[in-house]
Amino acid sequence: MIKDEIAELVHHAIEEAQKRGALPTFDIPKIPVERPKQEGHGDFATPVCLQLASSARMAPVRIAQAIVEHLAHPDYLDSVEVAGPGYMNFVLSTRWLAQQVEVILRAGERYGDIDLGKRRKVQVEFISANPTGPLHIGSGRNAVVGDVLANVLVAAGYDVQREYYVNDAGTQMGLFAESLYARYAQALGQDEPMPEGGYQGSYMVAMGQRAAREYGRRFLDMERSEALKALGDIGLKYTLESIQADVALMGIHFDHWFSERTLYEDGTFDRVMALLRERNYIVERDGAVWFTATALGGDKDEVIIRSGGAPGYFASDIAYHYDKFVRRGFDWVIDVWGADHQGHVPRMYAMMRALGLDPKRLSIIIYQLVTLKRGGEVVRLSKRTGDMITLREVLEDVGVDAVRFFLLSRAVESQMDFDLELAKEHSNENPVYYIQYAHARISSILRVAQERGLESDGGDVSLLSHPMELALIRRMLMLPEVIELAATNLAPHHLAAYALDLASQFHVFYRDCRVVSSDPADYELTRARLKLVRAAKIVLAKTLRLMGMSAPEQM
RNA sequence: GCGCCCGUAGCUCAGCGGACAGAGCAGUGGUCUUCGAAACCAAAGGCCGUGGGUUCGAAUCCCUCCGGGCGCGCCA
């Protein structure tokens, strides 16, 4: 990336200036290169001279001048200026900018991809909602953050695997089976009470009826424990089908659906327990088996095996992460969790240390919860305590692209309200359409050009020199930087902001620069601009694709 | 009480320790005889919650207080 080349350029210039005595000797720091927010401050800038003032004991402006005098002159730079209190501003050359259109056209769909990841194996585990009911809007945020992050990491050069962890073992699953049993029995006219703390949602009633319809009375005649087991599996199947349909509706594909149960069936859990015992991280207390997280920086110890003999959720988590790192060999694992699981994070890092794994290999993204509202009123979301608005309903009401964009466009640490009424009302005055409209407009221009028999092949991009042409190219060139930013900070929302910027820049270009001209004198310019427009389409489509949104040819 | 996250324009939110704090929506005024007006332009709108500190430089980092969210189970 040019940003890095400029940093290197400055670094060399400082060395050179020191060698010739224009600057005193000091350790050269990492050169920060930023995008100035102010127009007129060039394409890139570095405030490094301000930092250097004390170690060089010179005024920042004089340092900057000394550096500029020893700077090489690569073809991508037009000028370097010393400005303000000692900034160095770099302006890209028009010729080089115009040439980038060809570079983008050649790269095609791969444009923007960078090699940050060096093919390292990374797993993104997301959603992983309990299979005890339909997904809701909170899972939607999890889905979008995880999916887009995975897309970004692919573009950043990682070898990415997407995984959904299916909690098909444990207490909640048992409660779910009992709830389903009750609804099933009721559907067949039996007077069966719901279990204490059972799943009250109306979807359970529907599920009970479905089971009754598909399997008849057979489970009523069985031993209760056997019936619960069988019905639990059936309910699990129903729920997973529904979750998989929701996920598919959002355009998400998981590489692997990992069953929690298998951790107990294939001996992984036993192996991990043996390992932890060996390392003395296991104690027995009050009849339960504990993991001593506090010995490893955790905030409290954690029950692994409950006094009743059943493993707790943390038991699965340890075994699961052992499987991820040790058995499957992921270099890096990213878990996407809602803020309600926040308190669990310190124990996870304690677990990494206990397993002898570098905690840096685990990243846990905590996103703040989404409050669903309808006309300003809060809608409850709990699966356990009753009815709720499902993700499916929201997707069907508001549209997949709009939901995805909305959930993506805020930083994960910011809490958000999702108002159904507002989302629908604004569906025509929506940033989603603003971005997609730019893509449709581009497509339309290319259609018109084709109808008039204009081809962009052979167009000469060096004719591109209009300020708005160059501004558009400049914006297109930021995509790799945005991907790098989103990947290093695990912050996919930067893409949303970039998409808006890019679309806006295109609309402005469209205002000032006519592409398809009927004037024969404009023939060459038209062909050059068609190339630019094709390149813009590539970049915008790529950005939309990274966000998992459609890039419509027309709207 | 303790821990984590958030307080930025009327609303929803961007803003990687750097130059004069931005966008979308809403509201005001303007722009369609040629490529899509789902667009563009202009004006307006802000003690960046409060008070301290670190720094050449703080919306950004640290601390106090105020306000909101989420945790603090042998549930996940």
Side-chain angles (χ1 to χ4, degrees), chain A residues 32 34-38 40-41 45-47 50-51 53-54 60 83-87 89 128-130 132 167 170-173 175 197 285-290 299-300 302-314 316-317 337-346 366-369 371 384 406 409-417 419 422 425-426 428-434 436-438 440-449 451-452 481 484-485 488-489 491 493-494 496-497 500-501 503-504 506-508 510-519 526 529 533 554-555:
Chain A
E34 63 196 32
R35 289 281 190 177
K37 40 185 172 230
Q38 195 69 28
H41 288 162
T46 177
L50 280 72
Q51 295 170 16
S54 59
Y87 288 92
N89 295 337
S128 299
N130 273 356
T132 52
N167 296 104
T171 314
Q172 291 306 319
M173 208 51 222
L175 205 52
R285 201 157 60 216
D286 309 326
V289 178
W290 297 71
D299 54 340
K300 59 189 275 294
E302 195 71 16
V303 167
I304 296 186
I305 298 175
R306 292 179 281 169
S307 50
Y313 66 91
F314 192 61
S316 300
D317 276 345
W337 293 355
D340 50 343
H341 291 72
Q342 227 284 340
H344 192 38
V345 172
I366 299 295
Y367 62 90
Q368 296 301 310
L369 301 180
T371 308
R384 289 183 208 174
F406 182 80
S409 56
R410 276 75 161 160
V412 292
E413 53 272 355
S414 97
Q415 184 190 324
M416 56 199 287
D417 291 348
D419 194 310
L422 246 55
E425 266 174 42
H426 290 289
N428 266 335
E429 286 296 333
N430 196 301
V432 176
Y433 297 102
Y434 181 83
Q436 291 182 327
Y437 181 69
R441 216 176 205 184
I442 290 172
S443 307
S444 171
I445 293 170
L446 295 175
R447 271 196 305 274
V448 169
E451 282 160 17
R452 301 196 189 169
E481 291 166 42
E484 181 186 56
L485 182 66
T488 34
N489 295 353
H493 73 280
H494 290 296
L500 284 169
D501 279 350
S504 162
F506 182 80
H507 288 308
V508 169
Y510 177 86
R511 179 197 64 202
D512 288 353
C513 297
R514 181 162 189 94
V515 179
V516 180
S517 168
S518 46
D519 186 343
T526 288
R529 283 183 173 167
V533 169
Q554 44 191 315
M555 298 170 61

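Naming convention: chains lettered A, B, ... in sequence-line order (proteins, then strands); numbering from 1 in each chain.
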Mind checking if A:Ala288 touches a base, just sugar-phosphate, or nothing, with heavy atoms under 4.0 Å? base

For A:Asp512, give me all partners under side chain to side chain donor-acceptor pair (under 3.5 Å), at least two apart in sequence or on another chain. none

For a quick check of understanding: with a heavy-atom distance under 4.0 Å over all strands, which category does A:Ala310 fall into, base, sugar-phosphate or nothing? nothing

Roughly, in whole Å, what's the span from CD in A:Glu34 to P in B:U60? 17 Å

Does the side chain of A:Arg306 pick up a donor-acceptor pair with the side chain of A:Thr171 at under 3.5 Å? yes

Does a side-chain N or O from A:His344 land closer than 4.0 Å to OP1 or OP2 of B:C75, or not? no

Would you say B:C40 has OP1 or OP2 under 4.0 Å from some side-chain N or O of A:Tyr434? yes

Touch class at under 4.0 angstrom, heavy-atom based, for A:Asp512 against every strand present: nothing

Can you measure A:Arg514 atom CZ to B:G36 atom P for me and round it to whole angstrom units? 8 Å

When the distance from CZ of A:Arg452 to P of B:C35 is rounded to whole Å, what number comes out? 7 Å

Starting at atom CD of A:Glu302, determine the distance to atom P of B:G73, rounded to an integer number of angstrom. 9 Å

Check the phosphate of B:A37 against A:Arg441, side-chain N and O only, distance under 4.0 Å to OP1 or OP2. Yes or no? yes

Where the side chain of A:Tyr437 is concerned, which of B:A39, B:C74, B:C16 is the nearest nucleotide? B:A39

If you measure from the P atom in B:A14 to the same atom in B:G1, how many Å do you get, rounded? 29 Å

Would you mind classifying the nucleic acid contact of A:Gln436 as base, sugar-phosphate or nothing, using non-hydrogen atoms under 4.0 angstrom? nothing

Under the rule syn = chi within 90° of 0, otherwise anti, which is B:C62? anti

If we take the C1' atom in both B:G51 and B:C56, what is their distance in whole Å? 24 Å

Gap in Å between the two C1' atoms, one belonging to B:C35 and one to B:C16, rounded: 38 Å

Assign A:Leu50 to base, sugar-phosphate, or nothing according to its heavy-atom contacts below 4.0 angstrom with the strands shown. base

What's the gap between B:C70 and B:G22 when it is taken at their C1' atoms, as a whole Å value? 29 Å

By salt bridge (charged side-chain N to carboxylate O under 4.0 Å, His left out) - contacts of A:Arg35 (at least two apart): A:Glu481

Under 4.0 Å between any heavy atoms, over every strand shown, what does A:Val508 touch: base, sugar-phosphate, or nothing? Just pick one. sugar-phosphate

Using Watson-Crick pairs (N1 to N3, plus N6-O4 or O6-N4) and G-U wobble pairs, both distances under 3.5 Å, which stems of at least 3 pairs involve RNA chain B? B:1-7 with B:66-72, B:10-13 with B:22-25, B:28-31 with B:39-42, B:51-53 with B:61-63

Spacing between A:Asn430 atom CG and B:A23 atom P, to the nearest angstrom: 18 Å

In whole angstrom, give me the gap between the C1' atoms of B:A42 and B:C47. 28 Å

At less than 4.0 Å, is any side-chain N or O atom of A:Lys37 found next to OP1 or OP2 of B:A19? Yes or no. yes

For A:His493, all residues meeting ring pair (Phe, Tyr, Trp, His ring centres under 6.0 Å), sequence neighbours excluded: none

Round to a whole Å and report the spacing from CG of A:Asp519 to C1' of B:C35. 14 Å

Looking at residues at least two apart in the chain, or sitting in another chain, which of them share a side chain to side chain donor-acceptor pair (under 3.5 Å) with A:Asp299? A:Arg347

A:His41 over B:A19, stacked by centroid distance under 5.5 Å, angle under 30°: yes

Look at the aromatic rings of A:His344 and A:Phe314 and report parallel, tilted or perpendicular, splitting at 30° and 60°. perpendicular

Just call it for A:Val515: base, sugar-phosphate, or nothing, with non-hydrogen atoms closer than 4.0 Å on any strand. base

Please tell me whether A:Glu302 and A:Tyr313 have a donor and an acceptor in their side chains that are separated by less than 3.5 angstrom. yes

Between B:A76, B:C16, B:C35, which nucleotide gets closest to the side-chain atoms of A:Thr171? B:A76

On a whole-Å scale, what distance lies between the P atoms belonging to B:G29 and B:A21? 28 Å

Base, sugar-phosphate, or nothing: which does A:Ala449 touch, judged by heavy atoms less than 4.0 Å apart? nothing

Ignoring hydrogens and angles, tell me if any N or O in the side chain of A:Thr488 forms a donor-acceptor pair with the backbone of A:Glu484 under 3.5 Å. yes

In whole angstroms, how far is the P atom of B:G36 from the NE2 atom of A:His507? 13 Å

Give a yes/no answer on whether the side chain of A:Arg511 brings an N or O atom under 4.0 Å of OP1 or OP2 in B:C41. yes

Annotated protein contacts, base or backbone, on nucleotides 1-11 of chain B with a non-hydrogen cut-off under 4.0 Å, one of B, S, - each: ---SSS-----

If I take atom OH in residue A:Tyr510 and atom P in nucleotide B:A38, what distance separates them, rounded to the nearest angstrom? 10 Å

